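Predicted, not measured: the structure shown is a model, and the values here were computed from it. Each chain gets a letter, A, B and so on, in the order the sequences are listed, and its residues count up from 1. These values consider heavy atoms only, across backbone and side chains, with no hydrogens, waters or symmetry-generated copies.
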Number of protein chains: 2
Amino acid sequence: MSAQRRPTMADVAALAGVSLSTVSLTYSGAGPISPDMRARVEKAAADLGYAGPSLRAQALRSGRSRVVGLVIPERLQFALRDPFTLRVLDALIGDLGEMGQGVLLLPFPSAESTEPNLLGTASMDAAVLMRVRDHDEPALDILARRDLPFAIVEGTAPGAAAITIPDRRATADLIRHLVELGHERIATVTLPRQTRGVTQVYEGELLAGALWTPTRNRLAAFDEAGVTPCVVIESGASMVEEGVAAGHLAFGHPSKPTAVVCQSDLLAGGVVLAARELGLNVPEDVSITGFDGLDLPWLQPLDLTTVPQDGAAKGHLIAQGVKALLDGDEPPVIELPLEIRIGNSTARAAR
Amino acid sequence: MSAQRRPTMADVAALAGVSLSTVSLTYSGAGPISPDMRARVEKAAADLGYAGPSLRAQALRSGRSRVVGLVIPERLQFALRDPFTLRVLDALIGDLGEMGQGVLLLPFPSAESTEPNLLGTASMDAAVLMRVRDHDEPALDILARRDLPFAIVEGTAPGAAAITIPDRRATADLIRHLVELGHERIATVTLPRQTRGVTQVYEGELLAGALWTPTRNRLAAFDEAGVTPCVVIESGASMVEEGVAAGHLAFGHPSKPTAVVCQSDLLAGGVVLAARELGLNVPEDVSITGFDGLDLPWLQPLDLTTVPQDGAAKGHLIAQGVKALLDGDEPPVIELPLEIRIGNSTARAAR
DNA sequence: CCCAGAAATCGAAACGTTTCGAATCGAGAG
DNA sequence: CTCTCGATTCGAAACGTTTCGATTTCTGGG
């Protein structure tokens with residue numbers, strides 16, 4: 001009455017009266033199989049309700065799981081809140097799917113918990129780290145111990161594939177643009193330094209400690225442009241809400257900034273909202289820049305001056321890096337080109 | 001010089017001078033192992049750089065991959081654009097992670113392509129469908145053929161676990177609320193009917209054809225409330241942009257609606273933007289309702305009348321359903337309770 | 001001093017494929 | 001009529017674990 005046990009290739013072979021290897025050859029497509037033999041095997045499989053070769057057995061035998069791990073920093077809820085990240089992942093997952101690779105979502109290993117983490121225990125062929133701390137990244141140790149090949153997005157590590165962007169240079173271009181417009185007091189709102197936190201004025205040495213690479217690069221851009229920000233505000237997360245909070249901190253700061261460089265469009269959008277709440281006009285009273293080139297319909301008719309990134313292209317590049325890893329090639333280092341785009345959120349500094 | 005081959009348990013056993021099974025017992029934690037034996041094995045493993053038991057072999061032997069497939073309708077980029085979905089997935093993935101299960105992202109199998117889809121070829125222990133068409137859902141066939149246990153969110157199928165919401169009743173409550181406020185011409189903006197499309201006035205029979213369950217339920221609410229919508233607009237996707245387009249269609253429609261029932265907050269937000277563009281005040285000139293209870297900071301001080309859903313709770317319930325499936329229990333049917341929340345986006349109909 | 005029984009360790013049989021070399025079968029060449 | 005050569009099909013050995021029953025080693029009671 002009940003299906004005792006899933007049928008296996010051996011069952012199919014027995015019913016068809018052929019050898020196990022013949023059935024395997026039929027399914028794998030390797031080796032020559034005569035048409036009538038193929039028909040016989042397929043008939044037997046259908047009669048038995050055989051669901052095809054066991055993927056677990058294939059994985060063991062072939063040494064490949066057809067799974068790529070995707071390590072997401074912090075909570076999904078915040079990490080994927082960003083439409084830009086979604087575009088990247090969309091392209092990445094699509095490409096990997098075409099390569100026959102599934103994408104396994106891995107919550108970031110929290111430093112405190114020593115309990116076995118999925119990153120250490122999930123079966124996969126390669127991993128992609130969406131972000132990395134520039135010192136002491138715990139995930140790297142785990143991957144190294146398992147000697148899994150991996151790719152890092154916006155970051156580098158010895159032996160890893162890297163997909164980077166020239167965000168330092170692009171941000172410096174943004175700053176130079178503001179300087180040319182006569183701005184002298186420029187505030188900046190950063191991405192979180194290490195993990196989700198609280199939006200606050202940042203007091204410490206600018207580039208001290210372990211930072212996430214993008215945060216560091218975009219801060220370093222001020223050095224490159226030869227400008228010292230009049231106030232640095234660290235956001236708790238790249239979200240509109242935090243941008244609003246950051247905006248209030250910036251405009252309430254005694255240094256009276258006339259421009260705000262934000263490390264993401266979402267933050268910039270929040271800063272615009274804060275400005276409006278305070279009765280400041282953008283760009284007449286304050287200039288605001290973003291990063292990523294998001295489409296924010298609720299900001300219209302304002303069009304942010306920003307650094308657009310092609311999310312789909314980035315996703316494709318990551319997939320390309322992963323492919324190299326899977327093929328056993330030398331881990332590539334790939335850069336996505338970037339240029340700033342002047343919108344109408346920046347203008348000549350008010351006298 | 002080079003590591004020829006990853007060491008296996010057999011290598012560790014040989015070096016430690018013990019049997020293979022003893023090493024296995026040491027790692028799996030089953031069976032009694034004396035402290036000095038454990039030390040000896042661990043020493044040998046360390047000397048060899050043994051990275052722990054092969055997960056592929058474990059999967060074959062135990063029959064479990066520790067992977068749950070997550071089938072996402074349409075493109076990730078659009079499906080995850082919704083912060084509510086993100087909250088659900090965040091909780092779900094966290095819970096599954098604690099259960100030692102990874103989450104494999106599966107692009108929806110497109111009907112046209114017959115090429116092997118990941119849903120059919122990825123190794124997993126169970127699957128979660130985030131949405132389902134109420135007839136002819138191709139994904140169901142694939143899963144049935146593989147006889148994988150699976151859970152459906154906002155939908156049902158024989159033999160599947162189901163996590164549902166009383167969205168028909170809740171939407172009907174919303175409609176009754178509008179009727180009490182004196183509204184007689186109520187428009188509605190639906191989620192896409194089957195897949196991403198174009199925002200347009202819907203002309204056909206209201207509940208004809210295969211619809212996604214939530215779309216159907218929330219349309220059926222009009223029947224339940226005894227109201228006929230004066231115009232039905234089908235959105236191309238649950239996004240603000242599409243809501244703006246839908247709003248223009250609604251307010252430009254000859255039926256002159258005084259209220260718009262939107263099947264998501266994102267759509268409602270877009271309709272609000274459209275109203276503002278047309279110089280209509282919310283709620284004085286038009287009342288607008290949403291669904292989900294999103295936090296939309298850019299809408300302030302407007303506070304949508306909507307049906308809040310607790311995303312985290314929903315995620316936890318799904319995880320609970322998956323757990324039952326993995327334990328081999330009877331597939332449960334679970335409902336998340338829902339109540340409407342009156343905000344300030346609805347008011348008495350203008351005379 | 002012998003023996004039952006607990007504690008620790010070991011052997012061998014799965015788990016379900018893929019793959020490589022060997023075996024079989026006709027058919028056309030000599 | 002026999003030999004050789006493709007075209008197929010078959011056997012057996014992995015892949016790296018877990019697990020069950022058997023074996024060995026002690027410990028303490030009688």
Side-chain angles (χ1 to χ4, degrees), chain A residues 3-42 44-45 48-66 100 116 121-125 146-147, chain B residues 3-42 44-45 48-66 100 116 121-125 146-147:
Chain A
Q4 293 296 5
R5 180 179 64 85
R6 291 181 60 111
T8 73
M9 266 192 188
D11 299 325
V12 175
L15 182 61
V18 300
S19 86
L20 175 55
S21 25
T22 301
V23 180
S24 172
L25 258 7
T26 306
Y27 273 96
S28 68
I33 292 288
S34 66
D36 46 337
M37 174 60 85
R38 173 178 303 279
R40 194 142 61 102
V41 168
E42 281 169 356
L48 243 48
Y50 177 61
S54 149
L55 301 153
R56 297 189 245 271
Q58 283 185 324
L60 172 59
R61 179 60 227 226
S62 68
R64 308 207 138 271
S65 311
R66 314 173 124 249
T121 63
S123 172
M124 47 198 185
D125 298 334
R146 293 187 57 178
D147 76 295
Chain B
Q4 292 297 5
R5 178 179 64 86
R6 289 180 62 112
T8 73
M9 267 192 187
D11 300 324
V12 176
L15 181 60
V18 300
S19 86
L20 174 54
S21 25
T22 301
V23 179
S24 172
L25 259 6
T26 306
Y27 273 96
S28 68
I33 291 289
S34 66
D36 46 337
M37 173 61 84
R38 173 178 303 279
R40 194 141 62 103
V41 168
E42 280 169 357
L48 243 46
Y50 177 62
S54 149
L55 301 153
R56 297 188 244 270
Q58 283 185 323
L60 173 59
R61 178 60 227 223
S62 68
R64 308 207 137 272
S65 311
R66 313 176 124 250
T121 63
S123 172
M124 48 197 183
D125 298 333
R146 293 187 57 178
D147 76 297

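The OH atom of A:Tyr27 lies 7.0 Å from the CD atom of A:Glu42; values are rounded to the nearest 0.5 Å.
Contact annotation: A:Ser62 does not reach the phosphate of C:dT18 (side-chain N/O to OP1 or OP2, under 4.0 Å). For the pair A:Ser34 and D:dT9, the criterion of a side-chain N or O lying under 4.0 Å from OP1 or OP2 is met. At least one side-chain nitrogen or oxygen of B:Tyr50 sits closer than 4.0 Å to the OP1 or OP2 atom of D:dT17. Within the structure, every side-chain polar atom (N or O) of B:Ser21 is placed at least 4.0 Å from both OP1 and OP2 of D:dT19.
Between A:Leu60 atom CG and D:dA14 atom P the separation is 14 Å, expressed in whole Å. Rounded to whole angstrom, the span from the CG atom of B:Asp36 across to the C1' atom of D:dC26 amounts to 14 Å. The distance between atom CG of A:Leu55 and atom C1' of C:dT18, rounded to the nearest whole Å, is 14 Å. Distance CG (B:Leu20) to P (D:dT19): 13 Å, rounded to an integer number of Å. What separates CG of A:Asp11 from P of C:dT17 is a distance of 9 Å, to the nearest Å. We find that CE of A:Met37 is positioned 6 Å from C1' of D:dT9, with the value rounded to whole Å. Between B:Leu25 atom CG and C:dA7 atom P the separation is 15 Å, expressed in whole Å.
With D:dC10, C:dT17, C:dC15 as the candidates, the nucleotide lying closest to the side chain of A:Met9 is C:dT17. Comparing C:dT17, D:dG16, C:dT9 by their closest approach to the side chain of B:Arg5 singles out D:dG16. Side-chain proximity of B:Gln58 to D:dC10, D:dT17, D:dG16: nearest is D:dT17.
Remark on DNA chain C: of its neighbouring residues A:Ser28 and B:Val18, the 5'-side contact belongs to B:Val18, judged by nearest-heavy-atom nucleotide. Position along DNA chain D of the nearest nucleotide to A:Thr22 versus A:Ala57 favours A:Thr22 as the more 5'-ward residue.
For D:dG11, its base never sits under 3.5 Å from the side chain of A:Ser19 at any donor and acceptor pair. With hydrogens and angles left out, the side chain of A:Arg61 and the base of C:dT18 share a donor-acceptor pair within 3.5 Å.
Nearest heavy-atom pair, A:Val23 versus A:Met9, reported as atom, atom and distance to 0.1 Å: CG1-CG, 3.9 Å. The heavy-atom pair separating B:Arg146 from B:Met124 by the smallest distance is NH1-CE, 3.9 Å. Contact detail for B:Ser65 and B:Ser123: the closest heavy-atom pair is OG-OG, 2.7 Å.
In this structure, a donor-acceptor pair under 3.5 Å is absent between the side chains of A:Ser24 and A:Ser21.
Counting non-hydrogen atoms under 4.0 angstrom, B:Ser24 reaches a base of the nucleic acid. As judged by a 4.0 angstrom heavy-atom cut-off over every strand, A:Ile33 is placed among residues touching the sugar-phosphate backbone only. At a threshold of 4.0 angstrom between heavy atoms, the contacts of A:Pro32 include nucleobase atoms, whether or not backbone atoms are also involved.
B:Leu60 has its side chain out of reach of B:Arg56: every pair of non-hydrogen atoms, C-beta onward, lies at least 4.5 Å apart.
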